[in-house]
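Right, one structure below, let's go through it.
Labels below follow one simple rule: chain letters A, B, ... track the order of the sequence lines, proteins then strands, and each chain is numbered from 1. From a predicted model like this one, the values you see are computed outputs, not experimental measurements.
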Amino acid sequence: MSAFLTIEGLNVSLSGVLPILRSVDLAVHAGEVRGLVGESGAGKSMIGKAILGTLPRALRIESGRILLDGEDLQRMRPRDRRRLIGAKAALIPQDPLTALNPARRIGPQITDRLVDILGWRRRAALSRALELLDEVRITDPERVMRAYPHELSGGMRQRILIASAFAAEPRLIVADEPTTALDVTVQKQILRLIRDMQARHGTALLFVTHDLGVVSKICQTLTVLYGGLVLEDTTIEEFFAAPGHPYSAALLGATPKYTDPHGSLTPVPQSVIDAANAQLDAFDRARRQ
Amino acid sequence: MADARTFVSRRAGLRLWLSGGWLVLLTLAAVLAPFVSPQDPLAQDLFAARLPPFWQAGAEAGFPLGSDSLGRDVLSRIIYGARVALIVAVIAGTLTCLIGATLGLVAGYFGGWPDLVISRLVDIWMAFPPVLFAILLIAVLGTGLSSIIIAIVVIDWTRFARVVRAEAMRQAAMDYVASAQVAGRSRAGTMLREILPNVLPTILVLLTLEMGIAVIVEAILSFVNLSISTDQPTWGGMIAEGRLSIYQAWWVLVFPLVALFLTVLSFSQLGEGLKDRFDPVLR
């Protein structure tokens, strides 16, 4: 079965000088929940941005293909690409506080995509939005639709963003650390909500996070990134049973244990980092030749 | 919290009422000038020269704010001068705002070469001393109402471009812009429907400030006799004439100055008040 999203040999660099993504291969099948983990700066968010076409201006796709539902995004006209992404993919952003337009009411922010991109009638879009707000368990959706973002709490805004992501029934949702900006008690609710919504709608999910605990709760498959290089591509069961790369094993070792809350954390050993860096150098050398 | 909010809104309300009130009064007077001014603003009467304002001895009915050295009624001339001031404020302010804000928005949101071109243009513009630039422009264009308006637009668009550019850049970095793009919005659509509503309160404040500045620039130009034809009353012209007889008839200088001051202050306070009222985050 061919995947819904396929990334082949994706190289992204900072103005042609500094490599950000190093020949990344990645596939997400329909309905699959894939975790994308790595430490800060590993390039995990950049993969999501490359898929959705929101890479910062300074970053350039050097080579490689991104196929969304069998269509090569790099070969499409910008207008067609926007429409394809708008119809088939969506984003749950990291920071709910800046991800809603502060000057506009909630309602139109959810219905915009349905009306402008998918050509729904406004009334249908409105009832769809109400239905979704209800589905993410927002009480009094009519009032919330008329509210401005600053009138709502962070958790509520993240629920709205989740509802909004599912509004057009996309086939793929990129969740870019959707719980990082929330406090711990809300995190858990939001995570459960995303998992429930995903299961109900059968949407594929690319879950970008640095939190292996989150990964274990929600993902089926996992990609580990280091310095923009894919170190491991595996299933959750295999990963937690026997990590396939020393760096993965070290990451796992650096996770706080629920069973041993007072135990000290083991940082990733320098030898593992050196080995991973050597792997990056070897990759860059091989590419230059 | 509720207390703070009502306090803020009451203060904003008072500010809005006072500044709006003065501007409405001025506009009405300007529009209805032929009916409300006690005298013909151009009628000279040397027997009624340098009459003091109404509360001083020697004042004459029909000249409530006194008369100048040619016997022309000061109040009537202020009312007719308001016509010029307000026309310049509204037209020049709006045009400056449209041009400057558009360029600033494009530069701030699109970045790249449009930003490069517009920013360098702003840098070059800012190196000109504005008043000299205005006088130079009037010298080239000739005097007249449209020349003044053109001069103000040509000089002051950078004021909008700079501020709006910075604000648009700040907004463009926010997640909601990326979200809108993922949702399929075009670049131009994002700029107009996502960024613009957030920059609008800033633009509004700048617009009213600019109207005040336009009034001042017009006054400066008529002070140096480069405004419209000299026989039409303007505040700047009155101030220039009043300066000559300040020891004999201070009122000829002071009253147009007060009108100018109140108008410019009202424009800036109106902007602040409107911003407080329409900014959804502050509301």
| query | Taking side chain as C-beta onward, heavy atoms only, is K49(A) less than 4.5 Å from L59(A)? | reply |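 No, every pair of side-chain atoms sits at 4.5 Å or beyond.
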| field | Sub-4.5 Å side-chain heavy-atom contact between Q189(A) and R137(A) | value |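 Of all side-chain heavy-atom pairs linking R137(A) with Q189(A), none is under 4.5 Å.
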Chain B contact via [X] - side chain, backbone, both or neither, heavy atoms under 4.5 Å:
X: T98(A); result: both
X: N101(A); result: both
X: R83(A); result: neither

| said: Can you tell me how the ring of W125(B) sits relative to the ring of F133(B), calling it parallel under 30°, perpendicular over 60° and tilted otherwise? | reply: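 Rings of W125(B) and F133(B): perpendicular, as their planes differ by over 60°.
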| field | Interface residue of largest heavy-atom contact number with chain B, from A99(A), G86(A), P78(A), under 4.5 Å | value |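 When all of A99(A), G86(A), P78(A) are compared, A99(A) has the most.
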| message | Below 4.5 Å, heavy-atom pairs only: which of D112(A), I85(A), D95(A), I92(A) has the largest tally toward chain B? | response |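 Highest number of heavy-atom pairs under 4.5 Å: D112(A).
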| query | What heavy-atom pair brings E218(B) and T234(B) nearest, and what distance separates the two atoms? | reply |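 It is OE2-CG2, 3.7 Å.
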| said: To check you understand the geometry: which heavy-atom pair defines the closest contact between L152(A) and I160(A), and what is its length? | reply: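 Shortest heavy-atom contact: CD1-CD1, 3.5 Å.
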| said: Which one wins on heavy-atom pair count under 4.5 Å against chain A: A173(B), G189(B), S186(B)? | reply: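 Of the candidates given, the most pairs with chain A belong to S186(B).
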| message | Counting heavy-atom pairs under 4.5 Å with chain A, which one of Q181(B), E194(B), M174(B) comes out on top? | response |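 So the answer, after comparing Q181(B), E194(B), M174(B), is E194(B).
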| request: Using the side-chain contact (heavy atoms from CB on, under 4.5 Å) rule, pick out the option among V208(A), L206(A), I47(A) that qualifies with D176(A). | output: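 The residue from V208(A), L206(A), I47(A) that satisfies side-chain contact (heavy atoms from CB on, under 4.5 Å) with D176(A) turns out to be V208(A).
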